There are 2 protein chains.
Amino acid sequence: MSKHEHVSLSVIRRLPRYYRFLGDLVKSSVSRISSRELSQRMGLTASQIRQDLNCFGGFGQQGYGYNTRSLQGEIGSILGVGGEYPAIIVGAGNIGRAIASNIDFGNMGFNLVGIFDVNPEIIGTKIKDVTIHDISSLEEFCKKKHPMIAVLTTPRDAAPDIAERLAKLGIVGFWNFSHYDLSVKYPNIAVENVHLGDSLMTLCYMIKNIGGEVTGDTNNV
Amino acid sequence: MSKHEHVSLSVIRRLPRYYRFLGDLVKSSVSRISSRELSQRMGLTASQIRQDLNCFGGFGQQGYGYNTRSLQGEIGSILGVGGEYPAIIVGAGNIGRAIASNIDFGNMGFNLVGIFDVNPEIIGTKIKDVTIHDISSLEEFCKKKHPMIAVLTTPRDAAPDIAERLAKLGIVGFWNFSHYDLSVKYPNIAVENVHLGDSLMTLCYMIKNIGGEVTGDTNNV
DNA sequence: TAGATTGTTAATCGATTAACAATC
DNA sequence: TAGATTGTTAATCGATTAACAATC
């Protein structure tokens with residue numbers, strides 16, 4: 001699918017943002033845009049946008065620019081948002097519930113098929129049509145439904161055991177909200193960490209050192 | 001405070017992770033560690049760790065390594081986690097409530113002083129001892145309490161207006177969970193974006209292209 | 001055709017890694 | 001003292017920016 005075999009993570013991480021901005025443009029009935037115009041809206045350089053897109057193919061037209069709708073489509077298919085990878089959430093606490101309610105899994109390439117928790121009071125209840133199961137039924141469930149990714153929102157202490165069980169069950173990606181660091185232990189599983197504490201601490205540094213002491217794009221997350 | 005004036009954001013973003021790992025080591029009663037040992041635990045190079053730390057000063061001792069407790073303290077004070085910057089949350093939906101309940105603001109340099117929402121049913125109630133106020137009282141509240149950072153967890157449509165009001169009220173940092181991109185409009189305010197959708201799309205790409213097509217550290221968030 | 005803007009190559013810049021002298 | 005490990009400089013690597021020929 002990709003033109004070049006190795007596309008750097010820096011490029012990949014910008015794709016969802018392009019996708020978002022292009023979606024906004026489509027919504028506003030802007031049908032074409034140049035790399036220069038897009039770069040100004042996004043706070044990037046036009047060079048970088050053209051360089052990024054050309055990792056995957058020539059989506060533009062000389063003298064014209066890019067068609068917003070078709071470019072968004074291309075980026076969407078590079079990211080795989082048309083897929084229906086089965087996903088589960090492990091941990092139905094505050095964060096798990098917020099994710100289950102707020103994240104539009106369907107439009108991001110996934111299909112939320114189950115939620116797991118230890119709390120007997122909520123087992124059997126549903127969040128947005130998805131049932132909360134007892135964590136003890138994790139193995140049985142996975143052997144049937146074969147989820148590909150797991151959203152980890154358990155407390156830190158529970159994370160190592162859960163991760164180990166899921167790794168054995170063939171999970172290929174972790175969306176990790178727990179404080180436990182999975183990357184070193186599972187190098188062959190895709191791990192996307194969302195360490196909210198780390199993010200807040202970074203903000204703490206930035207406001208303490210406001211006025212340009214930090215170099216680089218402040219807004220990389 | 002810092003040895004060199006300009007420390008790159010790449011370095012800053014690693015500091016909270018060092019802080020976390022050092023905290024774990026202290027908890028496990030490991031009182032000293034070499035850059036080599038730490039690098040293996042964290043999946044980095046020893047060179048990078050030494051290079052990073054020496055942006056701020058020589059915290060180690062030749063032939064010995066680093067004292068875990070004192071190094072954690074140094075990093076904590078670089079990040080500013082001992083501060084008490086007043087913070088507010090705007091938006092008491094699922095995400096806002098999850099953050100109010102789960103994030104340990106006190107240990108991250110902040111003090112959560114207020115939560116705001118538009119829903120009359122929850123105005124006046126509390127989350128963890130913090131009262132939910134009517135968004136219409138935002139100006140009055142801010143002129144009294146002078147919050148420095150705002151956690152934005154409103155729906156996308158409400159974000160531009162709220163951001164504008166907060167910018168006028170002297171907010172110096174946004175922890176932005178809304179889909180609205182603040183960075184371009186407010187270049188002088190520190191913005192830390194947590195675009196969960198972008199993060200999930202990145203994971204989607206990674207599992208689709210598993211097996212090494214992506215280069216770079218998979219776990220940068 | 002002339003103007004605009006891409007795709008792509010070359011130049012620059014910054015971040016990471018390697019090497020080693022300093023020193024505990 | 002000898003061994004270990006830092007702090008720091010130099011080398012490498014990768015990412016971003018600039019430039020421009022190709023072409024719509």
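All values derive from a computational prediction rather than experimental measurement. Chain naming here is simple, since letters A, B, ... match the order of the sequence lines and numbering starts at 1 in each.
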[atom1] of [X] versus [atom2] of [N]: gap in Å, rounded?
X       : N      : atom1 : atom2 : result
B/Arg36 : D/dG3  : CZ    : P     : 17 Å
B/Asn54 : C/dT17 : CG    : C1'   : 15 Å
B/Leu53 : C/dT16 : CG    : P     : 13 Å
B/Asn67 : C/dC24 : CG    : P     : 17 Å
A/Gln40 : C/dT5  : CD    : C1'   : 14 Å
B/Asp52 : C/dT16 : CG    : P     : 7 Å
B/Ile49 : D/dT6  : CD1   : P     : 9 Å
B/Gln62 : D/dG7  : CD    : P     : 6 Å

Reckon [X] has a side-chain N or O less than 4.0 Å from the OP1 or OP2 of [N]?
X       : N      : answer
B/Gln61 : C/dC24 : no
A/Tyr66 : C/dG7  : yes
A/Ser8  : D/dA15 : yes
B/Gln48 : C/dT16 : yes
A/Arg50 : C/dT6  : yes
A/Tyr64 : C/dG7  : no
B/Arg14 : C/dT16 : yes

Can you establish whether the number of heavy atoms outside [X] located under 6.0 Å from its atom [atom1] is more than 12?
X        : atom1 : result
A/Arg165 : CZ    : yes
A/Glu84  : CD    : no
B/Gln40  : CD    : yes
B/Arg36  : CZ    : no

SB check B/Arg20 A/Asp181 (cutoff 4.0 Å): yes
Check: D/dA15 base within 3.5 Å donor-acceptor of A/Ser10 side chain: no
Check: B/Gly91 main-chain N/O paired with B/Thr154 side-chain donor or acceptor under 3.5 Å: no
Side-chain (B/Thr68) to main-chain (B/Ser31) donor-acceptor, under 3.5 angstrom: yes
Duplex segments of DNA chain D, taken as runs of at least three Watson-Crick or G-U pairs that stay under 3.5 Å: C:3-24 with D:3-24
Passing option when B/Phe105 is tested against B/Val113, B/Val151, B/Val130 for side chain to side chain contact (heavy atoms under 4.5 Å, CB included): B/Val151
Sugar-phosphate only, base, or nothing, as touched by B/Thr45 at under 4.0 Å among non-hydrogen atoms: sugar-phosphate
Touch class at under 4.0 angstrom, heavy-atom based, for A/Ser34 against every strand present: sugar-phosphate
Residue met sooner reading DNA chain D from 5', once B/Gln51 and B/Arg32 are mapped to nucleotides: B/Arg32
